[in-house]
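Just so we're clear, the structure is a prediction, and the values are computed from it rather than from any experiment.
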Amino acid sequence: TPKPSSAASDVYKRQAVSALLSRYVEAAALRAFVGVAAALTGLFSLLEFVEQLASVGQGSYRVSDALAFVVLTAPGRMLQVMPVSMLLACLLALGRLARTSELTAMLGLGISERRVVGTVLRLLLPIVAVLLLLAEFVIPPAPGPAGAARPRASERRTCAMSLSLIHISEPTRQAEI
């Protein structure tokens, strides 16, 4: 007959393995999230920089002003791509785990699919909290310095479409979609 302490140690080992696998899945999802968010923010920042290059030479607007404008408006761009980044990161992380058969091994150890998905979703709560703090305290002050980096004399009145909204700048009131 097995000793009672042996059964208790088996339960402890099983819980320790489960916690370790949860941290492993969270780390994979977090790495994917950081990579996707950086790539999308970089891509949209590059597109904005190319758009700003069209204004270089008008008035006193230089390439350094365009670069400063893009850098100072990058937090807002990052906030716009975060929902898509979270979705893509979850899919990429779980896809990589499935491709390398790590997900299959976890399921074979008795970790349920619900637990794996719950682990990824549990990671989203702190990310959403950080995004709310960024949206409340960091992003709103950023356009002030960005506006200073782009002199009013060289501003073009345009309409721009982003991931989350259509922005119509003054005074044209025309939208091109």
Side-chain angles (χ1 to χ4, degrees), residues 23-100 102-103 116-117 119-170 172-177:
R23 284 196 308 267
Y24 183 73
V25 171
E26 286 176 350
L30 188 60
R31 278 192 306 271
F33 173 70
V34 169
V36 169
L40 287 177
T41 302
L43 175 66
F44 285 111
S45 293
L46 177 65
L47 293 173
E48 179 65 30
F49 181 67
V50 169
E51 185 178 317
Q52 292 298 314
L53 287 178
S55 299
V56 169
Q58 296 176 2
S60 61
Y61 196 58
R62 301 178 314 236
V63 173
S64 61
D65 296 327
L67 186 61
F69 179 80
V70 169
V71 168
L72 290 170
T73 57
R77 224 171 281 108
M78 181 184 69
L79 191 64
Q80 289 178 342
V81 301
M82 283 303 158
V84 174
S85 297
M86 286 190 277
L87 175 65
L88 288 174
C90 291
L91 292 175
L92 288 173
L94 292 175
R96 187 188 66 78
L97 291 173
R99 185 187 74 223
T100 58
E102 291 169 305
L103 193 56
V116 173
V117 172
T119 299
V120 173
L121 292 178
R122 192 174 56 225
L123 178 67
L124 296 180
L125 291 175
I127 291 172
V128 169
V130 168
L131 290 177
L132 287 174
L133 291 173
L134 282 174
E136 189 65 30
F137 300 111
V138 176
I139 307 300
R150 187 161 193 235
R152 294 225 181 261
S154 66
E155 280 189 2
R156 295 180 329 184
R157 303 296 183 189
T158 61
C159 300
M161 184 171 165
S162 69
L163 287 176
S164 62
L165 59 103
I166 296 176
H167 174 72
I168 302 172
S169 65
E170 296 293 328
T172 61
R173 302 264 187 222
Q174 296 176 2
E176 297 178 50
I177 300 177

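- In this structure, L124 CG and T119 OG1 are separated by 11.0 Å, a value rounded to the nearest 0.5 Å.
- For T41 (side chain) and A38 (main-chain N/O), no donor-acceptor pair under 3.5 Å exists by modelled atom type.
- Between L125 and V128, the closest side-chain pair of non-hydrogen atoms is not below 4.5 Å.
- Atom CZ of residue R96 and atom CG of residue L103 lie 10.5 Å apart, to the nearest 0.5 angstrom.
- The two residues P126 and R122 come nearest to each other via the heavy atoms CD-O, 3.3 Å.
- Shown here for A37 and V81, the closest heavy-atom pair between the two residues is O-CG2, 4.4 Å.
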| query | Is there a side-chain contact (heavy atoms from CB on, under 4.5 Å) between Y24 and E102 once you walk through the steps? | reply | CA-CA 10 Å; Y24 183 73; E102 291 169 305; 2.5 Å; yes
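- The shortest non-hydrogen separation linking S45 to V70 is O-CG1, 3.5 Å.
- Closest heavy-atom contact between L131 and M86: CD1-CE, 4.0 Å.
- The shortest non-hydrogen separation linking L30 to I127 is CD1-CD1, 4.4 Å.
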| Going through the checks in order, is the side-chain contact (heavy atoms from CB on, under 4.5 Å) test met by L47 and V50? | CA-CA 5 Å; L47 293 173; V50 169; 5.7 Å; no
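- Summarising the geometry, atom OG belonging to S55 is positioned 11.0 Å from atom CG belonging to D65; distances are rounded to the nearest 0.5 Å.
- Atom CG of residue L87 and atom CE of residue M82 lie 13.5 Å apart, to the nearest 0.5 angstrom.
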| query | What do the steps show when you test L134 against M78 for side-chain contact (heavy atoms from CB on, under 4.5 Å), and what is the final call? | reply | CA-CA 10 Å; L134 282 174; M78 181 184 69; 3.7 Å; yes
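- Closest approach of E48 and F69 over heavy atoms only: OE2-CE2, 3.5 Å.
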